[in-house]
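Taking it in order: structure first as structure tokens, then the write-up.
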Amino acid sequence: MSTLGLKITNSKEWTSFSNVSAYLRQGMKIECLEKSGSGKAASNLFPNIAYALLTDPKIGAGDAVGKASVDKTAMAIAAKYCQANHFYWDGVVSEAVNLREFIFENAGFILCDFTIKGGKFALTPSLPYDSNFVIDQNAKPEIRALFTDGVVRNTEVTFLTPEERQPFQAVVLFREETPNGWPDTHSLRIRFADETDDIPIEEFDLSGFCTSRQQAKKFAKVALMLRRKVDHGIKFETTPQAAMSMEPGQYFKFASKVTHVQ
């Protein structure tokens, strides 16, 4: 809790006083996984916030989840990834939420995957990165497995509808902070250079936590690429031996000679 004192010296001009707003420069102190050594400090990196909510019994679900059920090493990598790419989460958790849904939803805005590996929760970067944890746009993801018709069965392919594949312009809302003042909500619009201005607009409201234009721009670009590149989904069964080297969030190739109509 925070304590704020307000002194009113001229009471004749005040008839009611229902609420007060304050600008908080820092949040509560939590463990910063991107830093070596012990100690707590305020942090706006979402992996640190997620780790605190999962492990701290006072502000989160530490009594139900705890440190034994969270992959701290993976969380530290995700925190360094967010710091290197300027992905921040300057938001407020003002009411009770479903913690797994909250982390899963917000992980996508920092280009991470919320995974469960070996019964442990973790955040994993969705895109390849270099030795400094900066997203490498020229790198290809590491392929961990190859699945063919010989090791799979009950293959189902679902093609997206034309509406789900329609090109769009991404409009992202983000917040610009003014110290000791009111924030301003800004927007940016991004589309492919070969598209026209008359295509539909889809809005992504990140103003509740995003205070970086760079972060909003990167998220919009990824959203546009996913819409252009992804046109179908696949579901199949395989043997434990064929998937032994796979973990959630990793990439694999699938090769099939069967014709999939729908």
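The chain is numbered in sequence order, starting from 1.
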Tell me whether Leu224 shares a hydrophobic cluster with Ile201, the cluster being built from Ile, Leu, Val, Met, Phe, Trp, Tyr side chains joined at under 4.5 Å. no
Tell me whether Lys117 is salt-bridged to Glu247, with the criterion being a basic N under 4.0 Å from an acidic carboxylate O. yes
In the single-linkage hydrophobic clustering (I, L, V, M, F, W, Y; side-chain heavy atoms under 4.5 Å), do Met225 and Phe219 co-cluster? yes
When you measure from the side chain of Ser43 to the backbone of Leu45, do you find a donor-acceptor pair of N or O atoms at a distance under 3.5 Å? yes
With no hydrogens and no angle check, just 3.5 Å: does a side-chain donor-acceptor pair link Ser256 and Asp149? yes
Any donor-acceptor pair under 3.5 Å linking the side chain of Gln169 with the backbone of Asp197? yes
Would Glu31 and Lys72 pass as an ion pair if we require N to O under 4.0 Å? yes
Taking C-beta and beyond as the side chain, do Ile103 and Leu54 meet within less than 4.5 Å on heavy atoms? yes
Quick one: NZ on Lys217 to CZ on Arg213, what's the gap to the nearest 0.5 Å? 8.5 Å
Do the side-chain N and O atoms of Asn48 and Glu34 include a donor-acceptor pair separated by under 3.5 angstrom? yes
Would you find a donor on one side and an acceptor on the other, under 3.5 Å apart, between the side chain of Arg175 and the backbone of Ser207? yes
In sequence, state the C-alpha distance, the side-chain angles, and the governing distance for Glu163 and Arg165, and then conclude on side-chain contact (heavy atoms from CB on, under 4.5 Å). CA-CA 5 Å; Glu163 292 78 12; Arg165 298 174 58 184; over 6 Å; no
Is a donor on one side and an acceptor on the other found under 3.5 Å between the side chain of Asp56 and the backbone of Ala52? no
State which residues pass ring-ring contact (aromatic ring centres under 6.0 Å, His included) with Phe209; sequence neighbours excluded, sorted by chain then number. Trp89, Phe109
Consider only side-chain heavy atoms of I, L, V, M, F, W and Y, link residues closer than 4.5 Å, and tell whether Tyr251 and Val151 are in one cluster. no
Other cluster members, Val92 - Ile/Leu/Val/Met/Phe/Trp/Tyr, side-chain contacts below 4.5 Å: none
Any heavy-atom pair between the side chains of Gln137 and Leu127 that's under 4.5 Å? no
Specify whether Phe114 and Phe121 have parallel, tilted or perpendicular ring planes, treating 30° as the upper limit for parallel and 60° as the lower limit for perpendicular. parallel
Between Phe104 and Leu206, is there shared hydrophobic-cluster membership here, with clusters defined by ILVMFWY side-chain heavy atoms closer than 4.5 Å? yes
Are Asp194 and Arg228 ion-paired here, with the side-chain N under 4.0 Å from a carboxylate O? yes
Among the clusters formed by ILVMFWY side chains lying less than 4.5 Å apart, do Val172 and Ile199 turn up in the same one? no
